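To start, the structure itself, in structure tokens.
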Amino acid sequence: ALLDQLDPTGHVLRHVERRLEVYTRRAELYFLQGRLDERNRDLQAMRDLAETCGASSLQARASAAHARYANLDGRYEDAMACARDGLASLGSAGDPSVRSSLLAQLGFAHYFRGNAREALAPLQEALSIQREVDPLARAEVLSVMSYAHFLTADYGRSLHYRKQAYDLRRARGETARACWDLTDIGILHTRMYRLDRAEQALAEALDMARRNGSRPAESYALNNDGNLLYLRGDYAAALERYEASLVLQRATGSRRGEASALGNCGMVLVSLGDYPTAEALLRQAAAIEESIGYDSGLAEGLAHLARALAGQDRLEEAKFTAERSLSLADRIGDRYSGVLARLVLGWVLVLLGQADEGRALEAEAAGIARDTGLVHGVILGLAFQAVAHLAAAQADLAVRCSRQAVGLLEQYGCIEGPEEAVLLVHFQALEARGHARAAARARRRFLEELELKARRIPRPVQRNAYLASWSVDRAPHL
């Protein structure tokens, strides 16, 4: 209102610049409250103002804001186009802070598309000019650099960049962005099996988001708190977090976030033995991911969909889906999803009677997981190699693999996946080898794990479905 009084015609450059800054800040507040129509009106006003003024620097700043929200909305092609337009408007002598932001958003779009290599080029260029930019622009680049290394499962380097971004934002009072950083720190600690640190970071992020009224940050923290609960085997509590996140993701208009929450709900329902409902949710997630080009999310989601299909004995469909997941994960260099896809495809091949092919894929998954520090992949790869050996009547080899898997499981305590499967196959291998006393102990340990997890499921229908999906007389499932 004051700017309208100071410059009613909108021709004084310093007032136009100030007005653009006000629109930028207000759009951010609308976004944090989930008021997307009002946010979009301010974004359009920014673009109109910059075009009317004709100043290339202002056009570049408007493009940077549009690119950021296009990424957050899941419109990655739009984000890339906006970032490139902004860089073209800026030229070679433009504001380095704006250039840094545009390069960061270009890298961010490539990350979401699952292209880590393409993401790193603009990010490295942005970091090369970081001494000339303000600290918050530098934090933006560091944040996306962290995501790029997360995609390649380089969690140590990802955490290094994430902590730098968090410190810069927190020191300058950017609490909304710091909430996201803190959630990402929790995610990284989860992947690195530092579960107490993960729990602390996620709890702090959720509290900070609620105190500041940031609905996107709250939904993000809830979704990833669910991942920690899933890792610890509390399936029902994880599902509650994912469902709460889904409500907020839809309210804030985040298509990528909606797909992530739907996929996570499907993932935990597979673990609960509710395969039809899991399939329906995972297909909804895949449809969104395909529509927005979220390839890394799609690769992981297809692997979980293959699990749900196999759980319904639709093995050929499961095989096709797992093969698609693997092809996509390898094409974009997503190591986490690549390991998961190999685990699932190898298991399905064993169920189809192709034990040798399945065992080879499980061994490959374990090898890649070992090289990248994905503990769950090593353990499950060994366990399902044992399943393949049992299918080929190779009890000695099955015991060797299952014993290694159980040893690692005891070392780490829990994994991203069914500990039940590891314990069950160990019992079955020992029984097949004729080690009666050891098999009895392993059977008892498996049943204790089953009962422990079942007690955490409050709904009788879900609890019964979970228990019915496991039996000492059946092959373990993923």
Side-chain angles (χ1 to χ4, degrees), residues 31-32 68 71-72 74 104-105 107-112 114 116 119-120 123 126-127 135-136 138-172 174-210 212 214-231 241-242 245 248-249 252 254 256-257 259-261 263-264 294 296-297 300 334-337 372-374 416:
F31 166 71
L32 294 174
R68 174 171 181 256
N71 271 326
L72 292 172
Q105 293 308 320
F108 208 15
H110 280 302
Y111 156 75
F112 281 126
L120 286 171
L123 295 172
L127 283 180
L136 293 178
R138 181 184 174 192
E140 189 174 17
V141 179
L142 292 166
S143 176
V144 185
M145 186 68 86
S146 173
Y147 284 127
H149 288 293
F150 180 86
L151 186 64
T152 60
D154 189 349
Y155 300 132
R157 189 175 297 183
S158 180
L159 184 60
H160 170 72
Y161 286 120
R162 180 61 55 196
K163 284 180 174 177
Q164 290 183 61
Y166 172 74
D167 289 342
L168 286 169
R169 286 166 171 160
R170 190 68 187 269
R172 283 152 185 83
E174 288 283 334
T175 53
R177 302 280 187 97
C179 280
W180 289 70
D181 290 325
L182 199 53
T183 297
D184 286 323
I185 288 171
I187 295 169
L188 286 160
H189 282 311
T190 300
R191 286 284 172 90
M192 298 166 80
Y193 283 83
R194 302 168 179 171
L195 302 190
D196 289 341
R197 293 190 200 179
E199 184 175 19
Q200 181 180 353
L202 290 168
E204 187 177 340
L206 187 56
D207 179 65
M208 190 187 301
R210 285 170 171 165
N212 287 280
S214 173
R215 300 181 80 191
E218 181 182 358
S219 63
Y220 189 50
L222 281 168
N223 204 32
N224 290 287
D225 192 36
N227 290 342
L228 180 59
L229 289 164
Y230 175 77
L231 176 63
R241 296 293 196 283
Y242 294 145
S245 175
L248 284 174
Q249 299 282 10
T252 57
S254 172
R256 182 191 63 82
S260 178
N264 284 337
Y294 182 30
S296 59
E300 181 180 350
D334 184 340
R335 294 182 184 178
Y336 177 88
S337 295
T372 51
L374 295 170
E416 293 180 51

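What you see below is based on every heavy atom in this structure, not just the backbone, and it leaves out hydrogens, waters and symmetry mates. Quantities reported herein were computed from a predicted structural model and do not represent experimental measurements.
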Practice task
Take Leu188 and Arg194 through the side chain to side chain contact (heavy atoms under 4.5 Å, CB included) test and state the conclusion after the steps.
Solution key: CA-CA 9 Å; Leu188 286 160; Arg194 302 168 179 171; over 6 Å; no

Exercise for the section: Report yes or no: is the cationic atom of Arg191 (NZ for Lys, CZ for Arg) under 6.0 Å from the centre of the six-membered ring of Tyr336, at an angle within 45° of the ring normal? Expected result: yes

Practice task
Look at the side chain of Ser143 and the backbone N and O of Ala139, then say whether any donor-acceptor pair between them is shorter than 3.5 Å.
Solution key: no

Problem - Enclosure of Arg256 CZ (heavy-atom neighbours >12, cutoff 6.0 Å) - result: yes

Handout entry: Cation over ring face, Arg162 and Tyr147, 6.0 Å, 45°
Key = yes

Problem - Asn264 (side chain) donor-acceptor with Asn227 (main chain) under 3.5 angstrom - result: no

Exercise for the section: Mark yes or no for whether Tyr242, through its side chain, and Gly226, through its backbone, hold a donor-acceptor pair below 3.5 Å. Expected result: yes

Exercise for the section: Determine whether the side chains of Thr175 and Asn212 contain a donor N or O and an acceptor N or O closer than 3.5 Å. Expected result: yes

Exercise for the section: Flag the pair His110 / Leu120 as yes when at least one side-chain heavy-atom distance between them is below 4.5 Å, and no otherwise. Expected result: no

Problem - Distance, nearest 0.5 Å, that separates CE of Met192 from CD1 of Ile187 - result: 13.5 Å

Handout entry: Sub-4.5 Å side-chain heavy-atom contact between Tyr193 and Leu231
Key = yes

Practice task
Hey, can you tell me if Tyr111 and Phe108 have their rings parallel, tilted or perpendicular (30° and 60° cut-offs)?
Solution key: parallel

Exercise for the section: Give a yes or no on whether Gln200 atom CD has more than 12 heavy-atom contacts from other residues, nucleotides or ligands under 6.0 Å away. Expected result: no

Handout entry: Flag side-chain contact, heavy atom, 4.5 Å: Tyr155 against Thr190
Key = no

Handout entry: More than 12 heavy atoms from other groups under 6.0 Å of CZ on Arg172
Key = yes

Exercise for the section: Check whether any side-chain heavy atom of Arg170 sits under 4.5 Å from a side-chain heavy atom of Met208, and report yes or no. Expected result: yes

Exercise for the section: Establish, from distance only, whether the side-chain atoms of Ser146 and Asp184 form a donor-acceptor pair under 3.5 Å. Expected result: no

Handout entry: Distance in Å, Leu202 CG paired with Asn223 CG, rounded so as to fall on 0.5 Å steps
Key = 10.5 Å

Practice task
May I ask you to test the Ile185-Leu159 pair for a side-chain heavy-atom distance under 4.5 Å?
Solution key: yes

